[in-house]
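The next block holds one structure in the form of structure tokens; read it before the comments.
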2 protein chains.
Amino acid sequence: MKNPQEVFNEYLAEMNLKATPQRRLILDTIIKQKAHLSSEELYAKVKARDASVGQATVYRTLKLLVEADLVEPLDFADGVTRYEISYGKEHHDHLICSVCGKNIEILDPTIEKRQEEIAKKHGFKLSSHKMYLYGICDDCRKGK
Amino acid sequence: MKNPQEVFNEYLAEMNLKATPQRRLILDTIIKQKAHLSSEELYAKVKARDASVGQATVYRTLKLLVEADLVEPLDFADGVTRYEISYGKEHHDHLICSVCGKNIEILDPTIEKRQEEIAKKHGFKLSSHKMYLYGICDDCRKGK
DNA sequence: ATAGATGCAAATGGTTTGCAGAGCT
DNA sequence: AGCTCTGCAAACCATTTGCATCTAT
């Protein structure tokens, strides 16, 4: 399987866009990150490696990475869009603790299957879905 | 079952807040609406009935209605938060056409049950969830 | 009487964009 | 050389907030 960098380069070439050091740096920074970073957080990490990079470039690159299907935007209901590498990872949804922000990746074939069936029943061709489960985790409940 | 207006009045009384004509008007306008309105759209409808009402009051009242569990915010992924009356309606999720914006309310017990099970398995006490299915509807596909 | 509500306009805050200079191919 | 990028700062836009004035209770 190709690595994300290759895929990104191919995407850029195909779209007649350029592979710049900033774009490489930004992709590399996301890859090295296990967490789900907001654009702001990512910008901080990127800046630590190259202080000259601008905020706007991070936003613009993030958009490209989403279009290239390498990265997926997440909505943890805290007002910021977060991102995670999706390339090479199986699709999954999230279970989020609304107290501490902890989040767990979940994958449930039963649900995925039902979603398809529901869409079909209504004559829709499903293109994507979002499912977020919000709750309070064990630790936060015990901590009380 | 109490009607929404009563519930709202009780909520306001309990919180030592006041039942003002604006608040009544806004709730009434949402109730009369079958669509999922954005704050902006709601503001327009409200203004048609009383031009003196301000935008901010609509936002503020919407927040109250959500806290009172009468209204639920929706995220159709188009940059605006939409709202619908939830009081007296069974919980449901949405299937949205990303071309024409049409949306269908869905309810699937299988999925609901699995969500609970998943949360439990991870030691979470589920407080809410969001599920949106995005796709393209029959009409929009044929229209092409 | 008085805590709370309203409308207005200004402020926020995440994200986008215009522009002039810089860089990739 | 030419088209794309970048950083900066200004612009956007939905939503929030400060404030002086009004109003429900």
Side-chain angles (χ1 to χ4, degrees), chain A residues 5 8-30 36-68 71-83, chain B residues 5 8-30 36-68 71-83:
Chain A
Q5 289 86 348
F8 193 31
N9 286 338
E10 284 169 16
Y11 175 80
L12 292 172
E14 199 177 316
M15 303 296 278
N16 284 315
L17 302 176
K18 293 171 184 173
T20 64
Q22 290 91 331
R23 288 175 178 171
R24 276 193 287 270
L25 172 59
I26 291 168
L27 173 54
D28 191 67
T29 305
I30 301 182
H36 305 94
L37 297 177
S38 65
S39 175
E40 186 81 24
E41 290 162 345
L42 177 59
Y43 174 52
K45 302 263 182 201
V46 166
K47 231 175 168 184
R49 295 172 67 180
D50 178 351
S52 74
V53 176
Q55 174 105 261
T57 301
V58 173
Y59 276 105
R60 287 189 275 233
T61 304
L62 240 12
K63 185 181 282 185
L64 286 177
L65 290 169
V66 170
E67 282 161 10
V71 160
E72 206 162 293
L74 304 175
D75 175 13
F76 286 3
D78 61 351
V80 233
T81 303
R82 294 169 184 288
Y83 298 85
Chain B
Q5 289 86 346
F8 193 30
N9 287 338
E10 286 169 15
Y11 175 79
L12 292 173
E14 198 176 318
M15 304 295 278
N16 283 314
L17 302 175
K18 292 172 183 168
T20 65
Q22 290 91 331
R23 288 176 179 170
R24 276 192 286 269
L25 173 59
I26 291 167
L27 173 54
D28 191 67
T29 305
I30 301 182
H36 304 95
L37 297 176
S38 65
S39 175
E40 187 80 24
E41 290 161 346
L42 177 58
Y43 175 51
K45 302 262 181 203
V46 167
K47 229 173 169 184
R49 295 173 66 181
D50 177 351
S52 74
V53 176
Q55 173 105 264
T57 300
V58 174
Y59 276 106
R60 287 189 276 231
T61 303
L62 238 14
K63 185 181 283 185
L64 285 178
L65 290 168
V66 169
E67 283 161 9
V71 161
E72 206 162 293
L74 304 175
D75 175 14
F76 285 4
D78 61 349
V80 235
T81 302
R82 294 170 182 288
Y83 298 85

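Each chain gets a letter, A, B and so on, in the order its sequence line appears, and its residues count up from 1.
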Please state whether the base of C:dG4 and the side chain of B:Arg60 form at least one donor-acceptor pair under 3.5 Å?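 No.
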Kindly calculate the angle separating the two end axes of the helix from C:dA1-D:dT25 to C:dT25-D:dA1, each obtained from five base pairs, and round it to 10 degrees. 30°
Does [X] make a side-chain N or O approach to OP1 or OP2 of [N] shorter than 4.0 Å?
X: A:Gln22; N: D:dG7; result: yes
X: A:Thr20; N: D:dT4; result: no
X: B:Thr81; N: D:dT15; result: yes
X: A:Arg23; N: D:dT6; result: yes
X: A:Tyr59; N: C:dT15; result: yes

When you get a sec, tell me which of [options] is the closest nucleotide to the side chain of [X]?
X: A:Lys18; options: C:dT15, D:dT25, D:dT4; result: D:dT4
X: B:Lys63; options: C:dG7, D:dT16, C:dT25; result: D:dT16
X: A:Ser52; options: D:dC5, C:dG7, D:dG7; result: D:dG7

Please figure out whether B:Thr57 or A:Pro21 has its closest DNA chain C nucleotide nearer the 5' end. B:Thr57
Between B:Ala56 and B:Met15, who's closer to the 5' end of DNA chain C by nearest nucleotide?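 First, find each residue's nearest nucleotide; the 5'-ward one identifies B:Met15.
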Whole-Å distance between [N] [atom2] and [X] [atom1]?
X: A:Glu41; N: C:dT15; atom1: CD; atom2: P; answer: 11 Å
X: A:Arg82; N: C:dT15; atom1: CZ; atom2: P; answer: 10 Å
X: A:Asn9; N: C:dT25; atom1: CG; atom2: P; answer: 9 Å
X: B:Lys47; N: C:dC8; atom1: NZ; atom2: P; answer: 7 Å
X: A:Phe8; N: D:dC5; atom1: CZ; atom2: C1'; answer: 12 Å
X: A:Gln55; N: D:dA11; atom1: CD; atom2: P; answer: 18 Å
X: A:Leu12; N: C:dG23; atom1: CG; atom2: P; answer: 19 Å
X: B:Asp50; N: D:dT23; atom1: CG; atom2: P; answer: 12 Å

Residues B:Asp28, B:Arg49; criterion side-chain contact (heavy atoms from CB on, under 4.5 Å); working and verdict: CA-CA 11 Å; B:Asp28 191 67; B:Arg49 295 173 66 181; 2.8 Å; yes
Member of B:Ile26, B:Leu25, B:Val58, B:Thr29 meeting the side-chain contact (heavy atoms from CB on, under 4.5 Å) criterion with B:Lys45: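 Testing each of B:Ile26, B:Leu25, B:Val58, B:Thr29 against B:Lys45, the sole residue satisfying side-chain contact (heavy atoms from CB on, under 4.5 Å) is B:Thr29.
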So A:Leu27 and A:Gln5, side-chain contact (heavy atoms from CB on, under 4.5 Å) or not? Walk me through it. CA-CA 7 Å; A:Leu27 173 54; A:Gln5 289 86 348; 4.2 Å; yes
Residues A:Tyr83, A:Leu42; criterion side-chain contact (heavy atoms from CB on, under 4.5 Å); working and verdict: CA-CA 9 Å; A:Tyr83 298 85; A:Leu42 177 59; 6.0 Å; no
side-chain contact (heavy atoms from CB on, under 4.5 Å) between A:Ile30 and A:Leu62: does it pass, once the steps are laid out? CA-CA 10 Å; A:Ile30 301 182; A:Leu62 240 12; 3.7 Å; yes
Select base, sugar-phosphate, or nothing to describe what B:Ser38 touches, counting heavy atoms under 4.0 Å on all strands.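 If one applies the 4.0 Å heavy-atom cut-off, B:Ser38 turns out to touch nothing in the nucleic acid.
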Considering only residues two or more places apart or on different chains, which pairs with a residue in residues 12-26 of chain A satisfy salt bridge (charged side-chain N to carboxylate O under 4.0 Å, His left out)?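 Found none.
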Check the side chains of B:Tyr59 and B:Lys63 for a donor-acceptor pair under 3.5 angstrom, ignoring hydrogens and angles. no
Report the residue from A:Glu41, A:Glu40, A:His36 that forms a side-chain hydrogen bond (donor to acceptor under 3.5 Å, both in side chains) with A:Arg82.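 When A:Glu41, A:Glu40, A:His36 are each tested with A:Arg82, the side-chain hydrogen bond (donor to acceptor under 3.5 Å, both in side chains) holds only for A:Glu41.
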